[in-house]
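See below for the structure under consideration.
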2 protein chains.
Amino acid sequence: MTRSEENYIKTIFHLGRQGMEAVSTNAIAELMETKPSSVTDMIKKLSEKDLVNYKRYQGVSLTDLGTQTALGIVRKHRLWEVFLVEKLDFSWDEIHDIAEQLEHIKSDKLIDRLDKLLDYPKFDPHGDPIPDKNGDFKERDRKLLSEVAIGTKGVCVGVKDSSTSFLKFLDRNHIALGHQIEVLEIEEFDGSLNININENNMQISHQIASNLYIKISEQ
Amino acid sequence: MTRSEENYIKTIFHLGRQGMEAVSTNAIAELMETKPSSVTDMIKKLSEKDLVNYKRYQGVSLTDLGTQTALGIVRKHRLWEVFLVEKLDFSWDEIHDIAEQLEHIKSDKLIDRLDKLLDYPKFDPHGDPIPDKNGDFKERDRKLLSEVAIGTKGVCVGVKDSSTSFLKFLDRNHIALGHQIEVLEIEEFDGSLNININENNMQISHQIASNLYIKISEQ
DNA sequence: ATTATATTTTAGGCAAAGCTAAAAATTTGT
DNA sequence: ACAAATTTTTAGCTTTGCCTAAAATATAAT
Ligand SMILES: [Mn+2]
Ligand SMILES: [Mn+2]
Ligand SMILES: [Mn+2]
Ligand SMILES: [Mn+2]
């Protein structure tokens with residue numbers, strides 16, 4: 001598989017996750033910052049190789065083979081991200097672009113050894129699950145902070161938006177994965193929240209809350 | 001720079017090392033397993049970018065810019081090789097192909113952090129020197145085992161041929177870098193050597209001896 | 001000094017992956 | 001139901017990096 005084919009497969013995988021329906025040509029084009037016509041060209045090639053199901057004008061979805069391929073790439077991407085943070089002391093906002101390159105390195109042995117070096121991590125630095133060698137992974141039971149009730153207590157376990165600007169914002173405000181969170185108040189007017197995080201009270205906008213995942217603590 | 005451009009620059013660098021004269025189109029083509037006409041095409045592009053000096057029919061040599069570029073790629077290649085051996089327990093015959101891919105990952109910060117993780121190694125697993133961040137490296141004072149006199153004592157410090165088959169041969173015969181070597185006899189007829197290596201006596205062919213580097217011990 | 005051989009370059013083409021502009025199909029609005 | 005708007009595909013063109021075959025130049029042999 002070429003690098004470009006891998007990137008398309010991965011994009012279709014990510015778009016397909018939220019909802020099982022077919023992924024549109026335009027959605028792929030937008031996410032990949034390319035043109036719809038280029039997407040159509042590539043889809044034909046992927047369809048030819050039985051990586052995607054495709055009927056003209058009907059959108060596209062991954063076959064089982066395509067899904068396994070995508071999981072392999074996602075596994076590599078996320079393991080490299082863990083490596084960059086754990087072994088090379090990168091911060092979580094610096095790793096995505098480098099992992100975009102590293103995910104295309106071809107060597108099963110390499111990635112399995114890396115997995116071992118990192119002690120078989122289950123989640124990446126952004127809280128996303130890492131598929132194992134067989135493509136299996138457990139989606140953690142988590143909720144967006146913007147969708148829980150007042151009084152909810154939990155632990156911050158992931159981010160939905162992992163853009164540099166959002167991650168740097170979190171760093172500046174001392175919000176990190178693993179921190180205890182309690183929702184104290186929710187402002188009707190703009191949906192902003194008053195929370196206690198890691199022993200500190202603070203006010204966060206609805207925007208922020210809708211990009212933070214928490215795992216709700218049992219009572 | 002594209003991956004292909006980087007591979008050409010690296011090849012020209014390696015061919016240029018042994019002798020300062022210009023490198024021929026055919027030599028590049030052969031080493032890269034491509035056609036001379038393709039080489040000519042690429043040379044023009046590299047010349048345009050001031051990475052090589054080129055006059056038609058006169059061969060090619062790296063400019064200062066080209067040399068610095070090549071050293072950067074060689075640095076990456078060899079650091080990744082050390083990483084694979086030291087951190088992921090690969091053997092020295094498995095690493096070259098993977099390093100061929102990893103050497104093209106673009107991130108200065110990544111490579112400097114890797115250098116630090118490995119504790120700034122000066123030589124790669126085949127005994128080749130690793131350029132530092134500024135492209136400086138010290139060529140070790142070493143000689144081919146085939147070119148020293150009877151009675152010479154030294155330490156095995158490198159291999160000239162680092163093909164899988166040669167490296168596996170060395171493994172099978174318990175020859176490794178760091179081993180003490182003494183030349184006991186040299187057979188006139190076929191140039192084979194009787195040596196003592198790591199406390200064991202053995203007979204090696206001229207072929208083998210001409211691909212092993214030793215650092216001669218002071219008396 | 002020619003001729004023969006080997007090397008290098010040019011000319012013309014191909015496949016991958018992208019683009020723009022136009023056509024076709026689908027979806028939406030009235 | 002039909003027109004309008006949107007989405008998707010097709011057609012045709014570009015660049016990169018490679019190829020083969022032929023021409024040009026350099027080197028070696030007589
Ligand atoms: Mn990422
Ligand atoms: Mn991630
Ligand atoms: Mn190597
Ligand atoms: Mn090496």
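Protein chains get the first letters and strands the later ones, always in sequence-line order, with residue 1 at the start of each.
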Looking only at side-chain N and O atoms, does [X] come under 4.0 Å of OP1 or OP2 in [N]?
{"X": "B:Arg56", "N": "D:dA26", "result": "no"}
{"X": "B:Thr2", "N": "D:dG17", "result": "yes"}
{"X": "A:Lys45", "N": "C:dA16", "result": "no"}
{"X": "B:Tyr8", "N": "D:dT16", "result": "no"}
{"X": "B:Tyr57", "N": "D:dA23", "result": "no"}
{"X": "B:Ser37", "N": "D:dC18", "result": "no"}
{"X": "B:Tyr54", "N": "C:dT9", "result": "yes"}

With heavy atoms under 4.0 Å as the rule, sort [X] into base, sugar-phosphate or nothing.
{"X": "B:Lys44", "answer": "sugar-phosphate"}
{"X": "B:Thr40", "answer": "base"}
{"X": "B:Ser4", "answer": "sugar-phosphate"}
{"X": "A:Thr25", "answer": "sugar-phosphate"}

Would you kindly say whether [X] and [Y] are connected by a side-chain donor-acceptor distance under 3.5 Å?
{"X": "A:Asp93", "Y": "A:Ser91", "answer": "yes"}
{"X": "B:Asp171", "Y": "B:Trp92", "answer": "yes"}
{"X": "A:His206", "Y": "A:Glu187", "answer": "no"}

Distance in angstrom units between [X] [atom1] and [N] [atom2], rounded:
{"X": "B:Leu46", "N": "D:dT16", "atom1": "CG", "atom2": "C1'", "answer": "13 Å"}
{"X": "A:Lys35", "N": "C:dA22", "atom1": "NZ", "atom2": "C1'", "answer": "16 Å"}
{"X": "A:Lys55", "N": "D:dT7", "atom1": "NZ", "atom2": "P", "answer": "21 Å"}
{"X": "A:Asp41", "N": "D:dT14", "atom1": "CG", "atom2": "C1'", "answer": "13 Å"}
{"X": "A:Asn26", "N": "C:dA25", "atom1": "CG", "atom2": "P", "answer": "18 Å"}
{"X": "B:Gln58", "N": "C:dT8", "atom1": "CD", "atom2": "P", "answer": "10 Å"}
{"X": "B:Met42", "N": "D:dC19", "atom1": "CE", "atom2": "P", "answer": "11 Å"}
{"X": "B:Asn7", "N": "D:dG17", "atom1": "CG", "atom2": "C1'", "answer": "12 Å"}

Report task. Please tell me if the side chains of B:Phe123 and B:Ile130 come closer than 4.5 Å, counting only heavy atoms from C-beta onward. Result ->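 B:Phe123 vs B:Ile130: side chains apart.
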
Query raised in the report: the helix from C:dA1-D:dT30 to C:dT30-D:dA1: angle between its terminal axes, five pairs each, to 10°?
Result: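 Roughly 0°, once rounded to the nearest ten degrees.
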
Query raised in the report: Got a donor-acceptor pair under 3.5 Å from the side chain of B:Ser24 to the base of C:dT7?
Result: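 For B:Ser24, whose side chain was compared with the base of C:dT7, there is no donor-acceptor pair (under 3.5 Å).
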
Query raised in the report: So, does A:Glu30 use its side chain to make a donor-acceptor pair with the main chain of A:Ala27 at under 3.5 Å?
Result: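 Not confirmed, A:Glu30 side chain does not pair with A:Ala27 backbone.
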
Query raised in the report: Can a salt bridge be assigned to the pair A:Lys76 and A:Asp108 using a cut-off of 4.0 Å between side-chain N and carboxylate O?
Result: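 A:Asp108 and A:Lys76: not salt-bridged.
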
Query raised in the report: Does a side-chain N-to-carboxylate-O contact under 4.0 Å join B:Asp132 and B:Lys122?
Result: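 No, B:Asp132 and B:Lys122 are not salt-bridged.
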
**Report entry** Nearest-0.5 Å distance, CD1 of residue A:Ile105 to CD1 of residue B:Ile98
**Finding:**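 One gets 9.0 Å once the value is rounded to the nearest 0.5 Å.
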
